[in-house]
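Note that the coordinates shown come from a computational prediction; the quantities given were computed from them, not determined experimentally. Throughout, residue positions are numbered sequentially from 1 according to the sequence presented.
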Amino acid sequence: MITSVMELGKMQKTRNKDTILSYIDEPDVDKVIAIRFQYQSNNQKNVFTFNQNEEITINNSFIKEQLVLKDILLEDCLASNKNKYLLSKAAANGPNFTPTAKVTKIEITNKNDTLSMKIIGYFKKVLSEFSNILTSQEKSFLEILHQLLTDNEINLKESIIAITKDMPKKVKKLLTIKIIIDDDKEIYIGQFDFMKKIMSNWINQKNSELSVDNKVCSICGQTSPQIYAGNASPYKFYTIDKRGFIRNGFNEKDSWKNFPICPDCTINLKEGKNFIEKNLTFKFYGLSYQLIPTFVIGQDFVRQEIVDYFKSGRKDIKINSHNNKRITNDENEILGILSEENDTLTLNILFLESSGGSSAEKILLLIEDVLPSRLKMLFNAKTHVDNLLKYDDIKFNFGAVRYFFEKSDKNKRERDLDKYFLEITNNVFKGFKLDFYFLLNFMMNKIRFDFNNYNCKIKIAATNALMSLLFFDFLNLIEWRDYKMNDNSLFNAFFSSFGNTFNSYAKRGIFLLGVLSKMLLNKQYKERKSTPFAKNLKSLKLTQQDILGLLPKVQNKFEEYNSFDKGKREIANQISKYLLQAGDKWNMPIDEINFYFASGMNMVKEIAQIVYKDEKEIEEVSKDE
């Protein structure tokens, strides 16, 4: 995966001549808080020189009194100003590589808040450690800014708190510095060219802390004059912050042996990671994942074309014909598009948990080497399920699975089933088998909850369960017990269309009994506005003996309502035949018995359409009030 990220970055870097730009982070905020300073030239010429890219060079010294603190300005964040803000995050508990930072907290007496630690702390560090690379004019400029910020630290904090006090917490903010020159031109601190010089030296100093000379890079395989330890990698899931993580005697100086990386690959990794975060990161039911392509074969221009598509083509997805071809909840999903590619590339799917900033990252799941042909199989399975069930308002996607694997208790604040959901996702993409009874356990918990709390209404839960199992069955992810059947009944075509799902007499009999029971509940509700017969269904914890005793109870109730018509008799007769053919030993756990019963309760209309010809009769028995 790391090599694939590096290759992507290498392709991007050829277009960006200035490698330091790889270290500039996306602002990803809503508002910018600018601390503004006023500069008056007093007709002194050529102090600042602007080039065609609006970068500024300080040519001559200026008088201290020419620069004064003006005010605090709140403005919208513009993506086009990324290079002007020049946000470049460094350590979480220290200043950034530039005097620009995302606002986490501003507190009057706190010396570790954004202003004190990130902004004022930046000037303090640069003036003490990097003044040797600055010109006298640049150093003087930074010294004046540092002094003004320090002298006005509390007033600035009060102003920032006042200007943001009515702002919702979800509004993300960036804190930076602006200079107003002669009342008519505003520039950001990131536009000064020497800021990049400081950045470059600072980053190199940080990466060189644990470096060695003339060793082989673990990514490109080439000998490099300088090799960094892996902590130079932009990925924070690699760490040596504990001695036990370091090979060969737990000595930090030897940590380069864990993950030796050359300066070029460091830049390429950073560039590749930036590209992936911007163009190939997607949502997945409360989680997020990154697609990292690995090119198996293909010339450079072909690879570049695909990368260009990732960068620009996805913008058209919302309006093209693939709009409805998704298996996740992300409207920008491109898996459907990639399923039509040849197997000239593979995809790594990385589920990465990050708290943002420079904090640690955690790999939740890495699915490696997924071929486009495998994606095509997934979409064929989705199409199969959608065509089989023919629901206008419900189509299969991974949301059907997530419905059962998000929270073990609806009232819990945090998700606690992510691990299981990701394991199932991994098996689906890799073609590994799933445990049918493990799935049923979670599905029946949800179906029973809905049955007991929503007046026997289980449509959403039962539909999601059936869709999920049909999807898994089409992909051959479930191992079914082998039963021998010879079914020539009126219902055989219906059951056979579901593949292995209804492959025994017992399953078919239980399913039809669920249908007939639901017809009775519908009848009761229509007559009495209540469903007292539901207590006979034992909260969907029916055993084999319960099932065998339930059929005569249902028939008797229909007789009492004088409603045991020809269609219901046809169903009841077939239930009797199926259960007799099933024999005495079904070998079905309670969850499995009740899943088929619940599925029948949810598919009354489909069976009614087989035994009734009149639309009015079909509507009457299947209407779920």
Please report the interatomic distance [atom1]([X]) to [atom2]([Y]), rounded to the nearest 0.5 Å.
X: K257; Y: S218; atom1: NZ; atom2: OG; answer: 14.5 Å
X: I108; Y: E158; atom1: CD1; atom2: CD; answer: 4.5 Å
X: E209; Y: N207; atom1: CD; atom2: CG; answer: 8.5 Å
X: N279; Y: I334; atom1: CG; atom2: CD1; answer: 9.0 Å
X: I219; Y: C265; atom1: CD1; atom2: SG; answer: 5.0 Å
X: L365; Y: Y289; atom1: CG; atom2: OH; answer: 12.5 Å

Under 3.5 Å, side chain of [X] to main-chain N/O of [Y], donor-acceptor pair present?
X: T328; Y: D330; value: yes
X: K283; Y: N329; value: no
X: T114; Y: K105; value: yes
X: K173; Y: V171; value: yes
X: Q66; Y: Q40; value: yes
X: T100; Y: L86; value: no
X: S339; Y: G336; value: yes
X: Y85; Y: L175; value: no
X: N426; Y: L422; value: no

Taking C-beta and beyond as the side chain, do [X] and [Y] meet within less than 4.5 Å on heavy atoms?
X: Y188; Y: I177; value: no
X: Q226; Y: S208; value: yes
X: L69; Y: I35; value: yes
X: N51; Y: D193; value: no
X: F141; Y: F192; value: yes
X: Q290; Y: I276; value: yes
X: K412; Y: D409; value: yes
X: L280; Y: P293; value: yes

For a quick check under 3.5 Å, do [X] and [Y] share a side-chain donor-acceptor pair by atom type?
X: N348; Y: T294; value: yes
X: Q147; Y: D151; value: yes
X: S88; Y: N96; value: no
X: K273; Y: S233; value: no
X: N204; Y: Y228; value: yes
X: T135; Y: K139; value: no

* Only one of Y403, F284, F405 clears ring-ring contact (aromatic ring centres under 6.0 Å, His included) with F398; which? -> F284
So, for [X] and [Y], which heavy atoms are closest and what is the spacing to 0.1 Å?
X: E361; Y: P234; value: OE1-O, 4.4 Å
X: S4; Y: I292; value: CB-CG2, 3.8 Å
X: I261; Y: A229; value: CG2-O, 3.7 Å
X: G399; Y: Y285; value: N-OH, 2.9 Å
X: V103; Y: L174; value: CG2-C, 4.1 Å
X: L156; Y: L115; value: CB-CD2, 3.9 Å

Charged N-O contact under 4.0 Å between [X] and [Y]:
X: K172; Y: D28; result: yes
X: K31; Y: D76; result: yes
X: E333; Y: R326; result: no
X: K82; Y: E26; result: yes
X: E75; Y: R36; result: no
X: E186; Y: K84; result: no
X: K197; Y: E138; result: yes
X: D113; Y: K157; result: yes
X: K196; Y: E55; result: yes

* Honestly, is K185 close enough over F50, meaning NZ or CZ under 6.0 Å from the six-membered ring centre and within 45° of the axis? -> yes
* Is NZ or CZ of K125 both nearer than 6.0 Å to the six-membered ring centre of F130 and within 45° of the ring axis? -> no
Is it true that atom [atom1] of [X] has more than 12 heavy atoms of other residues, nucleotides or ligands lying nearer than 6.0 Å?
X: K111; atom1: NZ; result: no
X: N93; atom1: CG; result: no
X: K206; atom1: NZ; result: no
X: I154; atom1: CD1; result: no
X: K430; atom1: NZ; result: yes

Using the test salt bridge (charged side-chain N to carboxylate O under 4.0 Å, His left out), find all partners of [X] that sit at least two apart in sequence or belong to another chain.
X: K118; result: none
X: D369; result: none
X: D418; result: R402, R415

* Which is it for F97 and Y122 under the ring pair (Phe, Tyr, Trp, His ring centres under 6.0 Å) test, yes or no, and what are the steps along the way? -> CA-CA 8 Å; F97 295 126; Y122 168 86; 9.4 Å; no
* Asked: How far apart are the C-alpha atoms of I33 and T176, what are their side-chain angles, what is the distance that settles it, and do they pass the side-chain contact (heavy atoms from CB on, under 4.5 Å) test?
  -> CA-CA 6 Å; I33 303 169; T176 190; over 6 Å; no
* From the options T281, I349, L350, select the one residue that forms a side-chain contact (heavy atoms from CB on, under 4.5 Å) with L291. => I349
* To do: Begin from the C-alpha positions of S128 and K124 and carry the test side-chain hydrogen bond (donor to acceptor under 3.5 Å, both in side chains) through to its verdict.
  => CA-CA 6 Å; S128 64; K124 183 178 179 181; over 6 Å; no
